[in-house]
Amino acid sequence: MIRRRFIGSAALFGVAGIMGFAMRPKKKPLLHHVFFWLKNPQSEADKQQLISGLKTLAAIPTIRQIHIGIIASTEKREVVDTSWSVSELMFFDDEAGQKIYQDHPIHQAFIKNCSHLWEKVVVYDAIDV
């Protein structure tokens, strides 16, 4: 009888634990997409310097993924903006991770060392739905 009660209680606590875990609000990944317009868009050296600077950001621990890109040679359509030079797309676990990235010394050094290269920056932050 004691054994049955123990097994029943253990099963009940196990199910309650699983249900509690499933009902916790999940963190929603944050996507941070940045577009850079170079001051000298024809300068391959400036573009490569910016790309090299962006690659240093991968060392920031809260960045889960980073993608650095240039304009693709896809079909030109009215809805496609090809005015920018370089982009970065980063994935964070949540908004707290993105805040850590913003304040991180590596990010601050990137801004200090590379901001002279761009004339405009546009940021799109999105959270999973």
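All residue numbers refer to positions in the sequence shown, counting from 1.
Put simply, Leu57 and Phe91 are part of two different groups of oily side chains (I, L, V, M, F, W, Y) that touch within less than 4.5 Å, one to the next. Under the 4.5 Å side-chain heavy-atom criterion for grouping Ile, Leu, Val, Met, Phe, Trp and Tyr, Leu117 is connected to Ile70 within one hydrophobic cluster. Linking Ile, Leu, Val, Met, Phe, Trp and Tyr residues whenever their side-chain heavy atoms come within less than 4.5 Å places Val123 and Ile66 in a single cluster. Hydrophobic clustering (side-chain heavy atoms under 4.5 Å, transitive across Ile, Leu, Val, Met, Phe, Trp, Tyr) groups Ile51 together with Phe110. By the criterion of side-chain heavy atoms lying less than 4.5 angstrom apart, applied directly or through intervening Ile, Leu, Val, Met, Phe, Trp or Tyr residues, Leu31 is not grouped with Ile63; the two fall into different hydrophobic clusters.
Contact detail for Asp94 and Gly97: the closest heavy-atom pair is OD1-N, 2.8 Å. For the pair Gln49 and Asn113, the tightest heavy-atom approach, listed with the atom from each and the gap, is NE2-O, 4.1 Å. Between Ile60 and Ile106, the shortest heavy-atom contact is CG1-CB, 3.9 Å. Closest non-hydrogen pair, Trp84 versus Gly69, comes out as CZ3-O, 3.9 Å. For the pair Cys114 and Leu50, the tightest heavy-atom approach, listed with the atom from each and the gap, is CB-CD1, 4.4 Å. Counting all heavy atoms, side chain and backbone alike, Asp125 lies closest to His33 at OD1-N, 4.4 Å.
Separating the CD atom in Gln42 from the NZ atom in Lys47 is a distance of 9.0 Å, to the nearest 0.5 Å. One finds the CD1 atom of Ile71 at 9.0 Å from the OG atom of Ser87 (value rounded to the nearest 0.5 Å). Put simply, CG on Leu89 and OH on Tyr124 are 13.5 Å apart, with the number rounded to the nearest 0.5 Å. Separating the NZ atom in Lys28 from the CG atom in Leu30 is a distance of 12.0 Å, to the nearest 0.5 Å. Once rounded to the nearest 0.5 Å, the distance linking NE2 of His116 with CG of Asp46 reads 6.5 Å. With rounding to the nearest 0.5 angstrom, the CG atom of Asp103 is 9.0 Å from the CD atom of Gln98.
Side-chain contact between Phe36 and Leu38: absent, with no pair of heavy atoms (C-beta onward) separated by less than 4.5 Å. Within the 4.5 Å cutoff, the side chain of Ile68 has heavy atoms near those of the Lys55 side chain. Counting heavy atoms from C-beta outward, Glu119 and Pro41 have side chains that stay 4.5 Å or more apart. Proximity of Phe35 to Val121: side-chain heavy atoms (C-beta onward) are nowhere separated by under 4.5 Å.
Note on ring orientation: taking the six-membered ring where Trp is involved, the planes of Phe92 and Tyr101 are tilted (angle from 30° to 60°).
Other residues, nucleotides and ligands contribute more than 12 heavy atoms inside 6.0 Å of the NZ atom of Lys76. More than 12 non-hydrogen atoms from other residues, nucleotides or ligands lie less than 6.0 angstrom from CD of Gln102.
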